[in-house]
Number of protein chains: 2
Amino acid sequence: MAQASGVHVSTVSRTFSAPHLVNPETRTRVLAAAEDLGYRPNRAARALTTGRTHNLGLIVADIANPFFSHLIKGAQAHARTRDYHVFVADTDEDPSVEEELIQTLAKQVDGVLLCSPRLSNRVIEKLHEDVPFVVVNRRMKGMSNVLMDVGSGAREAIAHLVSLGHRRIALLAGPAGSWTSKEITEAARSVPGIDLTVLGPNSPTEHGGLALARPVASSGVTGVLAYNDLMAIGLVEGLTSLGVDVPGHVSVVGIDDIVAGRVSRPKLTTVAMPAEAAGRTAVDLLLQLVGAPVTPALATLATNLIIRDSTGPVRDALRGDP
Amino acid sequence: MAQASGVHVSTVSRTFSAPHLVNPETRTRVLAAAEDLGYRPNRAARALTTGRTHNLGLIVADIANPFFSHLIKGAQAHARTRDYHVFVADTDEDPSVEEELIQTLAKQVDGVLLCSPRLSNRVIEKLHEDVPFVVVNRRMKGMSNVLMDVGSGAREAIAHLVSLGHRRIALLAGPAGSWTSKEITEAARSVPGIDLTVLGPNSPTEHGGLALARPVASSGVTGVLAYNDLMAIGLVEGLTSLGVDVPGHVSVVGIDDIVAGRVSRPKLTTVAMPAEAAGRTAVDLLLQLVGAPVTPALATLATNLIIRDSTGPVRDALRGDP
DNA sequence: GGTGTCACTGCAACCGGTTGCACGAAACAT
DNA sequence: ATGTTTCGTGCAACCGGTTGCAGTGACACC
C-alpha cells in the first residue's frame with residue numbers, strides 16, 4: 001500500500017488518522033491508491049498503539065427477548081454513526097457466563113454495555129476495574145446507568161388494576177439477581193390498600209409465565225402484574241387453557257410492550273419500556289466515558305402504561321372471594 | 001507479565017498458544033503469575049501475526065425479527081464453544097449498509113455469516129474475495145450455503161390450503177433481493193390448479209402485512225401465504241379490522257414459526273424454519289472454511305408445516321366468488 | 001544573502017503478541 | 001570420553017499500524 005502510492009507508511013497512516021497533516025496532493029494520491037487496492041486501515045493494528053479498538057461490547061441475558069433486540073438495534077445503529085462497532089453477546093441468563101464474557105470482552109472493546117445484569121454488585125464492581133461500563137437496568141453507584149422508571153410504571157399498572165376494583169393482586173417476579181424485578185416488587189409493596197402476593201423468582205420467558213397459571217388460578221387473585229410481556233403472554237395462555245377467562249376472571253398486565261403483546265388475544269395491557277432509546281442513550285454515555293473518564297452519569301427513561309384488553313373490571317361474583 | 005514470572009515474553013506466549021513446548025514447571029509458574037495479574041493474551045495483538053482474530057461476523061437484515069434473533073442465538077452459542085466470538089450487525093434491510101458492513105468487518109473477523117442478504121449476487125461474489133463467507137438463505141455457487149427447504153415448505157402450505165378447498169390464493173412476497181422470496185414464489189407458481197396472485201415486493205414486517213389487508217380483501221382470494229409470520233400477523237390484524245374473518249373468509253399461512261404467531265388469535269398456521277439449527281450449522285461450515293479453504297458445502301434444513309387456527313375450509317358462499 | 005518559519009514527510013521506536021532460528025544443557029548413543 | 005539428539009528457552013524479526021522527533025525544501029522577511 002505504502003509503495004503503491006510512493007510514500008512512507010507513516011504518511012499513509014496520517015492520511016487516514018490525521019488528514020490535515022498531509023499535503024492535499026499526496027492525500028489524493030494515497031486515497032486513490034487505497035481505493036484501487038481496496039485498502040482499509042486494520043483496526044486491530046491501530047488498536048494496538050492507540051488503545052482504542054472502536055468496538056463496544058453489549059451483553060444481554062437473551063437476544064431473543066424482543067425487549068433486548070430492540071435495545072441492541074438502538075445501540076447498534078447509534079454506535080455506527082460514531083464509527084463504533086458493537087459486539088453482542090448472549091449470556092443465556094447465566095451469571096457465570098456473564099462474568100466470563102465480560103472478562104473476555106474487556107480487552108477487545110473500549111467499553112461494555114451491561115444490560116439487565118444477573119451478577120452481584122460486588123462482582124460487577126470488580127470487573128469494572130478492567131473496563132468502562134454502562135449498566136442498563138440496574139442502579140450501580142460509581143458507574144453510568146441507564147434506567148427505566150419501572151417503579152413508576154409498576155405503580156401506575158397497579159393503580160390501574162385498583163381503579164378497576166382489584167384488591168387481591170399477584171406480582172410475577174423475574175429472575176433472581178434482576179434489579180428491575182426487585183424494583184418492581186418494592187414499588188408494588190409500597191402501594192397501600194392491596195393484598196399482594198409475590199410469586200417467584202421465575203424464568204422471564206413465556207414458559208415461565210405458563211408455569212405460573214395454576215398457582216395464579218388457585219391463589220384467588222383477580223389482578224396480575226408480570227415481570228415482562230413474555231411471562232404475561234405465557235400466563236394468559238395458561239389461564240385460558242385452564243378455563244380462566246382474561247380479563248373476565250383475572251386481569252393481566254405485562255411490562256415491555258413487545259409486538260407479541262399487541263397481537264395476542266386479548267391484547268396485552270402493558271408498561272411500555274423505551275428499549276431503543278435506552279440503547280442509544282447507553283451508547284452515548286459509554287462513549288463519553290471512553291473519551292475521558294468523567295463523572296458517571298445517570299439517565300432515567302420514562303415508562304408509560306398502555307391499556308389494552310387484558311385488564312377489565314373485577315367481577316362482582318369474585319369480589320371479596322376468599 | 002513476562003518479568004513477573006521471570007521468563008521471556010516468548011515463553012509466556014508459548015504457555016498459552018503452544019503449552020506442550022514449555023516445561024511443565026515453567027508453565028505452572030507462568031499460569032500462576034497470569035492468574036495473579038488477571039492477565040489474558042490480547043486477541044487483537046495475536047491476530048496481527050496469526051491472521052486469526054477468532055471473531056466471526058454475522059450480518060442480518062433485522063435483529064428484531066425473531067427468526068434472526070434465534071439464528072443469532074444458535075450461532076453465538078455454538079461459536080462460543082469453539083472459542084469464537086460473534087460480531088452481530090444489523091443492516092436495517094438496506095443493501096448499501098449491508099455492503100458497507102461487510103467491508104468494514106472483513107478485516108476484523110475470520111469469516112462472515114451473511115444471512116438473507118439483500119445484495120445482488122454479483123456484489124456478494126466480489127466481496128467474497130476479501131473474506132470467507134457462509135451465506136444463509138440464498139443459493140450461491142462457489143460458497144458454502146445454509147438453506148431452508150422453503151420451496152417444499154411453501155408447496156406444503158399451499159397443498160394444505162388446496163386441501164381445504166382454496167383455489168384463489170395470494171402470495172405476499174418479501175423484500176426485493178430476497179432469495180427466499182423468489183424461491184417461495186417459484187414454488188407457489190409450480191403448483192398446478194390454483195389461481196395465484198403475487199403481491200409485492202413488500203417490507204417483511206408486521207406493518208408490511210398490515211398494508212396488504214385492503215388489497216387482499218378486495219382481490220377475492222380465500223387463501224394467503226405470507227413471506228413470513230410478521231407479515232402474516234400484520235395481515236390478520238388488518239383483515240380483522242376490515243371485518244374480514246380469519247379463517248372464516250380468508251385463510252392465512254405464515255412462515256418462520258415465531259412466538260407471536262403462537263399467541264396471536266387466531267393462532268397462526270405456519271411453516272416452521274429451524275433458525276437456531278441454521279445458526280449452528282452456519283458456524284460449523286464457516287469454521288471449517290476458515291481452517292483450510294475446502295470445497296464449499298451446502299446444507300439444506302428441513303421445514304415443516306404447523307397447522308393451527310388461521311386456516312380453515314373455504315366457505316361455500318365465497319367459493320367461486322369473482 | 002542569511003536566517004527563521006512553516007508545511008510536509010521520513011525515520012524509528014513502539015503497541016503485545018507470534019514464531020523461526022540458534023544456543024546451552026541434559027540425556028542418550030557409541 | 002566424545003558425538004548426537006532432544007528439550008527448553010531466549011533472541012530478534014515481524015504483524016500493521018501510530019506518533020514524537022528530526023530533516024528537507026520553499027518561502028518570507030530583514
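Only a predicted model underlies this, so the values are computations on that prediction, with no experimental measurement involved. Throughout, protein chains are lettered first and strands after them, A, B, ... in sequence-line order, and every chain is numbered starting at 1. The figures that follow rest on heavy atoms only: side chains count, while hydrogens, waters and symmetry mates do not.
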#### Entry: Gap between atom CG of N65(A) and atom OG1 of T205(A) - 0.5 Å precision
9.5 Å

## Note on the structure
The ring pair (Phe, Tyr, Trp, His ring centres under 6.0 Å) partners of F67(B) (sequence neighbours excluded) come to none

Could you tabulate the donor-acceptor pairs under 3.5 Å formed by side-chain atoms of residues 274-288 of chain B, not counting sequence neighbours?
residue	atom	partner	partner atom	Å
T281(B)	OG1	A277(B)	O	2.7
D284(B)	OD1	H78(B)	NE2	2.8
D284(B)	OD1	R82(B)	NH2	3.0
D284(B)	OD2	H78(B)	NE2	3.4

### Message
Salt bridge or not between R40(B) and D130(A)? Use side-chain N to carboxylate O under 4.0 Å.
### Response
no

### Query
Does a side-chain N-to-carboxylate-O contact under 4.0 Å join K126(B) and E99(B)?
yes

### Query
Just checking, is any N or O donor in the side chain of D149(B) or T300(B) under 3.5 Å from an acceptor N or O on the other one?
no

Please produce a list of atom pairs where a protein N or O lies less than 3.5 Å from an N or O of nucleotides 4-9 of chain D.
residue	atom	partner	partner atom	Å
dT9(D)	OP1	T26(B)	OG1	2.2
dT9(D)	OP2	N23(B)	N	2.9

### Task
Walk along DNA chain C from 5' to 3' and tell me the first and last nucleotide with an atom closer than 4.0 Å to a non-hydrogen atom of chain A.
dC8(C) to dG16(C)

### Summary of salt bridge (Lys or Arg N to Asp or Glu O under 4.0 Å) pairs that have at least one residue in residues 16-25 of chain A, sequence neighbours excluded
none

### Query
Going by number, which of residues 33-43 of chain B have a non-hydrogen atom under 4.0 Å from DNA chain D?
none

### Task
Give, ordered by number, those residues of residues 101-112 of chain B having at least one heavy-atom distance below 4.0 Å to an atom of DNA chain D; if nothing qualifies, reply none.
none

### Query
Is any side-chain heavy atom of N145(B) closer than 4.5 Å to a side-chain heavy atom of V136(B)?
no

### Query
When all nucleic acid strands are considered with a 4.0 Å heavy-atom cut-off, which category describes S13(B): base, sugar-phosphate, or nothing?
base

#### Entry: Sequence-distant partners of S181(B), side chain to side chain contact (heavy atoms under 4.5 Å, CB included), two or more places apart
A173(B), S178(B), T185(B), Y227(B)

#### Entry: Residues forming a side chain to side chain contact (heavy atoms under 4.5 Å, CB included) with S116(A), sequence neighbours excluded
F68(A), R118(A), N137(A)

### Task
Give a yes or no answer on whether the side chain of N55(B) reaches the backbone of Y84(B) with a donor-acceptor pair at less than 3.5 Å.
no

Atom pairs and distances, donor-acceptor, side-chain atoms in residues 57-64 of chain B, under 3.5 Å, two or more places apart:
residue	atom	partner	partner atom	Å
D62(B)	OD1	K73(A)	NZ	2.6
D62(B)	OD1	A64(B)	N	2.9

### Task
Determine to 10° how strongly the helix from dG1(C)-dC30(D) to dT30(C)-dA1(D) is bent, judged from the axes of its five-pair ends.
50°

#### Entry: Residue pairs fulfilling ring-ring contact (aromatic ring centres under 6.0 Å, His included) with at least one residue in residues 98-146 of chain B, sequence neighbours excluded
H128(B)-F133(B)

